[in-house]
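Note sheet for the following structure.
Sequential numbering from 1 along the given sequence is applied to the chain's residues.
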Amino acid sequence: MSRERKLWIAFALVMLLSFGVLIYYGSEIYQQSPPVPDTVRTADGTVVFTGQDIMDGQNIWQSMGGQEVGSVWGHGAYVAPDWTADWLHREALFILDIFAEEEYGTGYKALSPEEQAVLKVRLQRELRTNTYEEESGTITISDTRLKAVDYLCGYYEGLFTDDPGFGKLRHDYAIPENSIRDKARMRKMNAFFFWATWATVTERPGSTVSYTHNWPADELVGNGPTRDLLAWSGVSIILLILCIGIMVFYHVRSGEEENVPAPETDPLLRQGITPSMLLVKKYFWIVSLLMILQMLLGIVTAHYGVEGGGLYGLPLDTILPYAVSRTWHTQLAIFWIATAWLATGLYIAPAVSGKDPKYQALGVNFLFVALLVIVLGSMAGQWLGVMQKMDLVSNFWFGHQGYEYVDLGRFWQIFLLIGLFLWLALMVRPLVPLLRAKTPERNLIIMFLISCTAIATFYAAGLMWGRQTNLAIAEYWRWWVVHLWVEGFFEVFATVVIAFLFVRLGLLKTRTATLNVLLATIVFMSGGVIGTFHHLYFSGTPTAVMALGATFSALEVVPLTLIGYEAYHNYKLSRAAGWLKDYKWPIYFMLAVAFWNFLGAGIFGFIINPPIALYYIQGLNTTPLHGHTALFGVYGMLGIGLMLFVLRSLYRNVTWNEKLLKLAFWSLNTGLLGMALLSLLPIGVWQALESIEHGMWFARSSELMQHPGMIALKWLRAVGDTIFGVGIIAVGVFVYQLTLQKRK
């Protein structure tokens, strides 16, 4: 059996087994998710909340921005608190004060440590005991807890409406006045906050661990690291070291790759350019425009962390609240990166076959218009949703779904899915004749089409939750999109495209490229598919999810340990012939991808992967540290690199503005590094230390995040952001300067 065939079989087995495990434990999440009761009531039968109140409250939370305004279960934005950690700690203190007044006639803080210890045991019995009755669908709470609920409902009502006593806190949290304008709506959102918090402290039936594995950490209520959490953290680290050793051994044993003499001239100069390939350049206009817009929104969003009411005195939050600016900032990142990659595919498919199928150019133009409608329509809908100008059903379909990275309304999700299948058709049609002809590139083309099919298909996971789906189940499917779609199959697509480009440039043999792509995909997907679970440790999932997530997410880091070899190999290829100097900057951006893959995805990613680490730092600035350096550093740099490859091919005999590209490359990389090391990393480390010592509630509190030292670190981000912004503008100027010229 040939090596190539063995790798195809291994690829098929990895995909079948991995997705089998993912789907099986997905069914377990359905069955073991924290139950939404029919009623929450007191012992005497007084109804506090109904199940419909909780689900409507979840929708109200989503309509105001959801995970873009603070977080729930650690997932979301970072300026406002995590509402479950915040509610839990405030509820605990309130009840302890009641107990202290009853027992000792004074406040809890005035008691001796021994007296406080007695009351904490009583509090933990109060909060951790599971009083949910499956037969009646009822959660029963005590009169004491009812008082705490009433107090907290009043507290959050004042915060989210217009109580002047909460003015400073709203400013610190970047929450505009009257984010929720109706008291009935506010009551329902409080019902959702109560239920989500109830799940963090209530023990699962037959267990001493809460539905969220005792997350968030809070000593008052007995939430601390569990035995399973510690054990699987150890397993993940041991497995990481073992697999790195195996990978290095395999790499050394396999020896150096074969050297392929570089062609004397650029093979792409002999390649014809079809009408549909020429149309791709307008996609890059939109990429450049969205990059600049995303950067500007990033400035506004970051500034809300130091001036919660606006921008340098301008009351910007009245027309562009933090929830909207952050939504657009994160969503536009996905849009422009995906557009750059999709445009590259639209260019490569007919370039391989050498001709356009019938109506290919029409399809490229139609898809371009459809993408514009999706971008502008979804952004408008999100603004209307956050500004509370839609009812709950309309908001779900056309407004803001409240889930980070998949915020766009369901109508826009469906529209985008249709657009992706149209793109897939435009990929397949030019390549079908080559598949039938069984050319040497056939296996590489098959892998290319598999990745394209996965990109189109797996976005459909975003349609698997409904308007009132249990949050734990919605989170499961959301990470199918964010992890599998964005971090998974786009990664495979990128690997294939880069290999394909080097083959077309005559720098790699087709068989070598195919073997490399298959092996890289097998290694990555072996950890990547089941590794999805590392996002779900504390999202109301069973213990097995933590075990699998910890084990397999460690494998995701393994191939990144050899990323330096990949970078060196690409660098050698770039110097193999004199004509390759024309591709210097596209290849340099590929080198940057390797660097950020190691630092952003590898080091900063593994910081937050082990359960014991994530237990204390989920929802802290260590997450955007990984997010910025991996999303832009890897996928963004790659998007720019692919765009430059295509433009080099389109504008073959045009002299490039090398100074502008040099400025863009070094500004983007040094700016991103400055953003990470001067601000995000030290803020994240500070928060992590406070989380370990005091709890998640304090690590996200106004008291800590508005500390003068913390404000200084936030301002330091301006250094990296400014340098980075120069790079973004330089890329945009370069693209427009180049593409508005006539081709020679």
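Annotation for His626 and Gly605: closest pair ND1-CA, 3.4 Å, computed over non-hydrogen atoms.
A donor-acceptor pair shorter than 3.5 Å can be found between the side chains of Gln468 and Asp56. With 3.5 Å as the limit, one finds a donor-acceptor pair spanning the side chains of Gln67 and Glu475. Side-chain contact of Tyr155 with Asp163: a donor-acceptor pair under 3.5 Å is absent, judged by distance alone. Side chains of Thr200 and Ser210: no donor on one and acceptor on the other come within 3.5 Å. With hydrogens and angles left out, the side-chain atoms of Asn130 and Arg204 include no donor and acceptor closer than 3.5 Å. For the 3.5 Å distance criterion, the side chains of Tyr78 and Arg700 fail to qualify, holding no donor opposite an acceptor.
A centroid separation of 6.0 Å or more is found between the aromatic rings of Trp480 and His535. Remark: aromatic rings of His400 and Trp383 are distant, center separation not under 6.0 Å.
Considering only heavy atoms from C-beta on, Phe396 stays 4.5 Å or farther from Gln62 through its side chain.
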Determine whether Asp44 and Thr42 satisfy the following criterion, side-chain hydrogen bond (donor to acceptor under 3.5 Å, both in side chains), listing intermediate values before the conclusion. CA-CA 5 Å; Asp44 63 5; Thr42 59; 2.4 Å; yes
Evaluation steps, ring pair (Phe, Tyr, Trp, His ring centres under 6.0 Å), between Trp465 and Tyr476: CA-CA 9 Å; Trp465 65 79; Tyr476 168 72; over 10 Å; no
Between Glu102 and Arg122, does a salt bridge (Lys or Arg N to Asp or Glu O under 4.0 Å) hold up when you go through it step by step? CA-CA 13 Å; Glu102 290 174 351; Arg122 182 177 169 189; 3.2 Å; yes
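Comment: Glu157 engages Lys183 in a salt bridge, judged by a side-chain N to carboxylate O separation of less than 4.0 angstrom. Between Lys147 and Asp143, no side-chain nitrogen of the basic residue sits less than 4.0 Å from a carboxylate oxygen of the acidic one, so the salt-bridge criterion is not met.
Checked by atom type and distance alone, the side chain of Gln687 pairs as donor or acceptor with a backbone atom of Ala699 at under 3.5 Å.
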